[in-house]
Amino acid sequence: MNRRSDEASTTRRTMISPGPDQPEQGTMCLVVIHGEGLGKRIDVPEQPIVIGRSHDADLHIPHVSVSRQHCQVWREGNACHVRDLGATNRTRINDLPVEHGTLSDGDHLTIGESILKFIGEGSVEARYHEEVYQVATHDALTGLCNRRHFIEIVDKEISRSLRHERPLAMCIVDVDLFKPINDTYGHIAGDGVLRQIGEIMRNHVRGDDIAARIGGEEFAVLLPEAGIEAAGTFAERLRQAVAESSFTLGDQPHKLTVSIGVAILGPGREERSSLMAAADSALYRAKEGGRNQVCTA
Ligand SMILES: Nc1nc2c(ncn2[C@@H]2O[C@H](COP(=O)(O)OP(=O)(O)OP(=O)(O)O)[C@@H](O)[C@H]2O)c(=O)[nH]1
C-alpha cells in the first residue's frame, strides 16, 4: 500500500461548524464610514428623515462642515432618495453634488467631511455594521450604553426637552464600598458584581429610559419625560432592588448597596455639564449622608 492511499484511508474530516447562521435580511440603512459620527447607522424609512448638525436631526453629525439641516433621505419602494436642504457644503453622491438623487447599494453619500455608505435592503453588510456599532456604543462588561454614547444621547435629549418644554431627569448611581469588594474578593468577582448591577438596572428602566455605565463602578440613567418626583421614585425602586439582591462573593451570599444622585433639567441646568454636575453633587450628599440612599439636587 503506498503512503498516499494509506493517508486517505485514515483521514477523518471533522465539521467544526456548519457555517454562519443564515443572516437576517436587514432593512436599507446608511452607515457613517468616515469622519465625525463614525459607525453611526440609521435605517431609511418612508417618512423623510433629516441628517445634519442640529441635535434635532434624526442622524446627528456634530461637525462644523455639516449644516444644521443638511439633507433629507427617505425610501420609496426599493429606492432611497436624497434631497439637499440648501447645505453650505452641498450633499454629494459618489462625490458629485446633488440637489436630489437616488442611492444604489454601496453608494457613498458625503455630508460635510463625513462619508456615509448606503446599504440596500437584504445586504449581509448591514448586520456587520450593526455589530460594529453595538461594540462601539456599549460597555462590554454590562452590555449597557458606554459613557461616550450616553453623552451623545444626553445632548440630544436635552435639546429635545428644551424645544418641547418637556421634563428630563438624570440619575447617577454609584456602588457603595466597592473597593473593599475588589480588595477582598479580587477584580473578577468585582466585575461579576458590576455585571449583576447592570442587569438590575436593565430590568428597571423602561421605554425611552437609557441606562449606561459611565465609569468604573458608576452608572447613570437618563429619564426622558420624568420630573423630580418620578425620577426620585425610580431611583428609590432601583436602590431597593439592589439592596434586596444577593451577590455571590467567595461562594457566600452578600448584600450590597448603591447611592443615587438625581437631578432634573431646569434653570441653571440646561446643559449636559451642569445637569451631570447637579446629579453628581446630589450623589456626593447621598454618600456623605451614610450611603444606601437617594438624594435629589
Ligand atoms: N472589578 C472592577 N473594579 C473597578 C472597575 N473600575 C473601577 N473599579 C474599582 O472601583 C473601586 C472604586 O472605589 P472608590 O471610588 O474608592 O469607592 P468605594 O470603595 O466604592 O467607596 P464609596 O464610593 O465611597 O462608597 C476602586 O477600587 C477601583 O479599582 C472595574 O471595571 N472592575
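Numbers here simply count residues along the sequence, with the first being 1.
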About how many Å separate CG of D139 and CZ of R148, when rounded to the nearest 0.5 Å? 14.0 Å
Do H70 and R53 come within less than 4.5 Å of each other through their side chains, counting heavy atoms only? no
If the threshold is 4.0 Å, N to carboxylate O, is there a salt bridge linking D183 and K179? yes
Just so I know, are the side chains of V294 and V262 near enough to count as touching, which here means a heavy-atom distance under 4.5 Å? yes
Where at least one partner belongs to residues 274-297, residue pairs that pass ring-ring contact (aromatic ring centres under 6.0 Å, His included), sequence neighbours excluded: none
Sidechain N-carboxylate O distance under 4.0 Å for D107, K117: no
Got more than 12 heavy atoms from elsewhere within 6.0 Å of CD, E271? no
L116 with M28, same ILVMFWY side-chain cluster at under 4.5 Å: yes
Quick check for you: to the nearest 0.5 Å, what is the distance between E225 atom CD and H164 atom NE2? 9.5 Å
Ion pair D43/R41, N-O distance below 4.0 Å: yes
Under 3.5 Å, is there a donor-acceptor pair between the T257 and N292 side chains? no
Please tell me if the side chains of L238 and M201 come closer than 4.5 Å, counting only heavy atoms from C-beta onward. yes
Does I214 sit in a hydrophobic cluster with other residues, and if so which ones, taking ILVMFWY side chains as linked at heavy-atom separations under 4.5 Å, directly or through other members? F150, I153, V154, I158, L162, L168, M170, I172, I210, L222, L265, L275, M276, L283
Can a donor-acceptor pair be found, under 3.5 Å and without considering hydrogens, that links the side chain of Q196 to the backbone of S246? yes
Common cluster, V193/L141, ILVMFWY with side-chain heavy-atom separation under 4.5 Å: yes
Are more than 12 heavy atoms from other residues, nucleotides or ligands located less than 6.0 Å from atom CG of D191? yes
Distance col, row Q72:CD vs I51:CD1, nearest 0.5 angstrom, shows 10.0 Å
Is the number of heavy atoms from other residues, nucleotides or ligands within 6.0 Å of CG (N203) greater than 12? yes
Heavy atoms, side chains only, cut-off 4.5 Å: are H34 and S114 in contact? no
Would you find a donor on one side and an acceptor on the other, under 3.5 Å apart, between the side chain of T184 and the backbone of I181? no
Applying ring-ring contact (aromatic ring centres under 6.0 Å, His included) as the test, list every pair that has at least one member in residues 176-200; sequence neighbours left out. Y185-H254
Indicate yes or no: at least one non-hydrogen side-chain atom of I33 is less than 4.5 angstrom from one of H108. yes
Assess the residue pair D56 and R68 against the criterion (salt bridge (charged side-chain N to carboxylate O under 4.0 Å, His left out)); give the C-alpha distance rounded to whole Å, side-chain angles, the decisive distance to 0.1 Å, and a yes or no. CA-CA 9 Å; D56 303 338; R68 294 182 59 76; 5.5 Å; no
Are more than 12 heavy atoms from other residues, nucleotides or ligands located less than 6.0 Å from atom CD of E236? yes
Salt bridge (charged side-chain N to carboxylate O under 4.0 Å, His left out) evaluation trace for E244 with K255: CA-CA 8 Å; E244 285 164 8; K255 289 294 186 186; over 6 Å; no
Would R285 and E288 count as a salt bridge (charged side-chain N to carboxylate O under 4.0 Å, His left out) if you check the C-alpha gap in whole Å, the side-chain angles of each, and the deciding distance to 0.1 Å? CA-CA 5 Å; R285 280 195 287 117; E288 287 293 294; over 6 Å; no
same_hphob_cluster(I151, L144) at 4.5 Å side-chain heavy-atom cutoff: no
Check this for me: does any side-chain nitrogen of one of R160 and E157 sit under 4.0 Å from a carboxylate oxygen of the other? yes
So, D105 side chain and G120 main chain: donor-acceptor pair closer than 3.5 Å or not? yes
Are T91 and I111 close enough that some pair of their side-chain heavy atoms sits under 4.5 Å apart? yes
Do you reckon I200 sits in the same ILVMFWY cluster as V221, going by side-chain contacts under 4.5 Å, direct or chained? yes
For V50, does its backbone N or O pair with a side-chain atom of D58 as donor and acceptor, under 3.5 Å? yes
Would you please test R83 and E99 for salt bridge (charged side-chain N to carboxylate O under 4.0 Å, His left out) and show each step? CA-CA 6 Å; R83 178 176 294 120; E99 258 177 54; over 6 Å; no
If two hydrophobic side chains count as joined below 4.5 Å and joins carry through other members, does L85 share a cluster with L30? no
Decide whether S259 and D176 meet the rule of one side-chain donor and one side-chain acceptor closer than 3.5 Å. yes
Inter-residue atom distance I93.CD1 - T110.OG1, 0.5 Å rounding: 9.5 Å
Is the shortest distance from a Lys or Arg side-chain nitrogen in R92 or D95 to a carboxylate oxygen in the other one below 4.0 Å? yes
R291 atom CZ, over 12 foreign heavy atoms within 6.0 Å: yes
Residue pair H100, H81: steps toward the side-chain hydrogen bond (donor to acceptor under 3.5 Å, both in side chains) verdict: CA-CA 7 Å; H100 173 244; H81 293 262; 3.1 Å; yes
Take atom CZ in R206; do more than 12 heavy atoms of anything else shown fall under 6.0 Å from it? no
To the nearest 0.5 Å, atom CZ of R90 lies from atom OG of S67 at 10.5 Å
With distance as the sole test, does Q293 use its side chain to make a donor-acceptor pair with the main-chain N or O of G289 at under 3.5 Å? yes
If only atom types and distance count, is the side chain of N146 paired as donor or acceptor with the main-chain N or O of A136 below 3.5 Å? yes
Any ion pair linking E152 and R272 (charged N to carboxylate O, less than 4.0 Å)? no
Looking only at the side chains, is there a donor atom on one of W74 and E76 sitting less than 3.5 Å from an acceptor on the other? yes
Taking the side chain from H138 and the backbone from C145, do they hold a donor-acceptor pair closer than 3.5 Å? no
Any salt bridge linking R213 with E218? Criterion: basic side-chain nitrogen under 4.0 Å from a carboxylate oxygen. no
Counting N and O atoms only, with roles assigned by atom type, does the side chain of S159 sit under 3.5 Å from a partner on the main chain of H55, one being a donor and the other an acceptor? no
Polar side-chain atom of R75 near backbone of C80 as donor-acceptor pair, under 3.5 Å: no
When rounded to the nearest 0.5 angstrom, what is the spacing between CD in E36 and OG in S65? 8.5 Å
Would a 4.5 Å heavy-atom cut-off, applied to side chains only, mark Y128 and E131 as touching? no
S104 side chain near F118 side chain, heavy-atom distance below 4.5 Å: no
